[in-house]
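This structure is in structure tokens; I'll ask about it shortly.
Residue numbering restarts at 1 for every chain, and letters A, B, ... go by the order of the sequence lines.
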Amino acid sequence: MPELIQPVRGTQDYYPEEMAVRSWLYAKMREVSEAFGYQEYDGPFLERFDLYAAKSGAEIVEKQSYVFEDRGGERITLRPELTPTLARMVAARQRQLNYPLRWWSFGPFWRYEKPQKGRTREFFQWNIDLIGDDSPEADAELATIAATFLKNVGFKPTETQVLVNNRALMQTELEALGIPSALRSSVFGLIDRKDKLSSDAWQKYGTELGLDATQLMGIEALVGNQDLWKKSESLQRFFEAIAVQGVGEYVHFAPHIIRGLDYYTGTVLEAWDTAGEFRSIFGGGRYDDLVNAVGGDPVPAVGFAVGNVVISLLLEALGHSPAINKAPAPIYVTLFDKHQVPDSLQLATELRAAGLKVTSHLSPDKLPKQFRQADRVGARLVLILGPEEIQNKTVSVKDLGSGDQRVLPRAEAAYYIKHWLEGKKPA
RNA sequence: GUGGAUGUAGCUCAAUUGGCAGAGCACCGCACUGUGGAUGCGGUGGUUGCGGGUUCAAGUCCCGUCAUCCACCCCA
């Protein structure tokens, strides 16, 4: 036997059980997106390297992207995120589009990282964006969508939360502390690490950035101030809109949320499991300068992205995994012996023509084996077409759940079986 | 990219100071030639991740390599 070829590191095989979860998530994403009037779109999986240069986080572009040269000598990148593509698409048709745009997408992305729990090199993301509206209500709509999604997949407010902050507010506060704007990006990094570093290490890091003790104390006070949002008119309106839309339990202000990507300009949001045992479930925010950065006129935009990996792990850990539909077909047609092949296939065909989902057993195995197979694939009704039934123009039907068995006239079998599946047993 | 842990049957795991590679589950068969799940009995299944070294003898010790996991980094 030849050696088994290993899958590419960091990729995931989706066996039917895993695929069922992915499809279920996709369906939930579609449901929530459409409930808020968003349209599905997609971009190419390959983009020019230049699209990401200086627009995404430096780490993502320089270290984590799959970059290669194609046969024509172009530097091509497997997309590590969707937002630059979205900005490019908007910029390309800027005058033809009706704003605000409400767009969503679900597809694969690639990042060359060290695989760990909740982090793969190939993963799927739901992206949803509202483009052309700079109001706090637009930010709140995205946060509401995020909260609705968490709710719809089964998470309770005690299990997962959407945490929100505003970079503009933080920037104003940092300026009030006398922190120069040149340090803004690195100070955001410092805030991001507040929970991750020990107090001493954090102080030391801050000092190295050039901050004095008063400024560090000021930042600490900021990050600990749960009422800070009240200073921002934008966040006041944001939380008002959140409350009205009934998702206040899920959405909370969190001054330490700042996000790593450079292109965020205002509201930023992340979702976490409240126990803090997993990576962030999703992240996003307002990026008003990005369309301009890829060559379009300035357009305000806000959006977020959800990866499929962490949320799948979390669903499983909290017992919210969807019941997977093992049986694509509730009807199982056995094959009595090789002489009945044409009759059995015809029976299955008739039932399918009547709109039923039917699996045909194709090899003349012993009936016990066929029943076991039917049971394993999760069929509800097993049909037997043997010499007796053919003689009498009937078909025997057994309900695997209850054990009931009836003999039905062949001509009306589809009619009775439909009713049987709906819970009404034939007399 | 840095540091650490672990790789034994399809799965979960055993195997004393180096001394015949095992169990449960799963799978297959029989009891039961027109009826699944339950029970009993039997059976298949392994180059111990891969490569090298030490040794009379390696799953066990040493080196390398690959993979997985964990903590950093970053992030979905």
| said: Could you tell me how far C62(B) sits from A71(B) if I compare only their P atoms? Round to whole Å. | reply: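 26 Å, rounded to whole Å.
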| Audit row: W272(A), E270(A), side chain to side chain donor-acceptor pair (under 3.5 Å) steps and yes/no | CA-CA 7 Å; W272(A) 289 86; E270(A) 281 180 9; 2.7 Å; yes
| task | Under a 3.5 Å limit for both distances, which nucleotide forms a Watson-Crick or G-U wobble pair with U2(B), could you say? | result | A71(B)
| request: Starting from the 5' end of RNA chain B, give me the residue, N308(A) or R9(A), whose nearest nucleotide shows up first. | output: R9(A)
| request: Would you mind pulling out the nucleotide paired to U54(B), Watson-Crick or G-U wobble, both distances under 3.5 Å? | output: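 U54(B) is unpaired by these criteria.
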| note | From CZ of R121(A) across to P of C75(B) the rounded distance in Å is 17 Å
| task | Starting from the C-alpha separation in whole Å, work towards a yes-or-no answer on side chain to side chain donor-acceptor pair (under 3.5 Å) for H252(A) and Q226(A). | result | CA-CA 9 Å; H252(A) 301 279; Q226(A) 294 299 318; over 6 Å; no
| Separation of the P atoms in C13(B) and U8(B), to the nearest angstrom |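 Per the computed distance, 9 Å lies between those P atoms.
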| message | A76(B), OP1 or OP2 - any side-chain N/O from R259(A) closer than 4.0 Å? | response | yes
| remark: Separation of C69(B) atom C1' from R119(A) atom CZ, nearest Å, is 12 Å
| query | Please give, in whole Å, the distance from G36(B) P to D404(A) CG? | reply | 16 Å
| query | Mapping G401(A) and K369(A) to their closest nucleotides on RNA chain B, which lands nearer the 5' end? | reply |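 Upstream on the strand: K369(A).
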| Taking the same atom, P, in G10(B) and in C56(B), what whole-Å distance lies between them? |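 One P to the other, the span is 34 Å.
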| message | Students often mix this up, so state it plainly: with edges at 30° and 60°, are the rings of F253(A) and W229(A) parallel, tilted or perpendicular? | response |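 Aromatic pair F253(A)/W229(A) classed tilted.
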| Ion pair E40(A)/R30(A), N-O distance below 4.0 Å |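 The answer is yes: the pair qualifies as a salt bridge.
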| query | Taking the six-membered ring for Trp, are W103(A) and Y41(A) parallel (under 30°), tilted (30 to 60°) or perpendicular (over 60°)? | reply |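 Geometry flag for Y41(A) against W103(A): tilted rings.
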| task | Round to the nearest Å and state the distance from K114(A) atom NZ to A71(B) atom P. | result | 13 Å
| Counting only Watson-Crick or G-U wobble pairs whose two distances fall under 3.5 Å, which nucleotide matches U12(B)? |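 Result: A23(B).
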| query | Paired with G7(B): which nucleotide, if any, by Watson-Crick or G-U wobble criteria at under 3.5 Å for both distances? | reply | C66(B)
| task | Rounded to the nearest angstrom, tell me the gap between atom CG in L335(A) and atom C1' in U35(B). | result |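 Between C1' of U35(B) and CG of L335(A): 15 Å.
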| field | Base-pairing mate for G34(B) - Watson-Crick or G-U, with both contacts under 3.5 Å | value |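 For G34(B), the partner nucleotide comes out as none, under the 3.5 Å rule.
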| remark: Rounded to whole Å, NZ of K398(A) lies from P of G37(B) at a distance of 10 Å
| According to a strict under-4.0 Å criterion, is R372(A) in side-chain N/O contact with OP1 or OP2 of G29(B)? | yes
| Side chain to side chain, L383(A) and T334(A), heavy atoms closer than 4.5 Å | no
| message | Between G18(B) and U55(B), how many Å separate the two P atoms, rounded to a whole number? | response |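 Their P atoms lie roughly 16 Å apart.
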| Which base sits across from U60(B) as a Watson-Crick or G-U pair, both distances under 3.5 Å? | none
| Can you tell me how far P of C69(B) sits from CZ of R279(A), to the nearest Å? | 11 Å
| said: Can you tell me if F123(A) is stacked onto the base of A76(B), using a 5.5 Å centroid cut-off and an angle below 30°? | reply: yes
| In whole Å, what is the span from the NZ atom of K366(A) to the C1' atom of U35(B)? | 14 Å
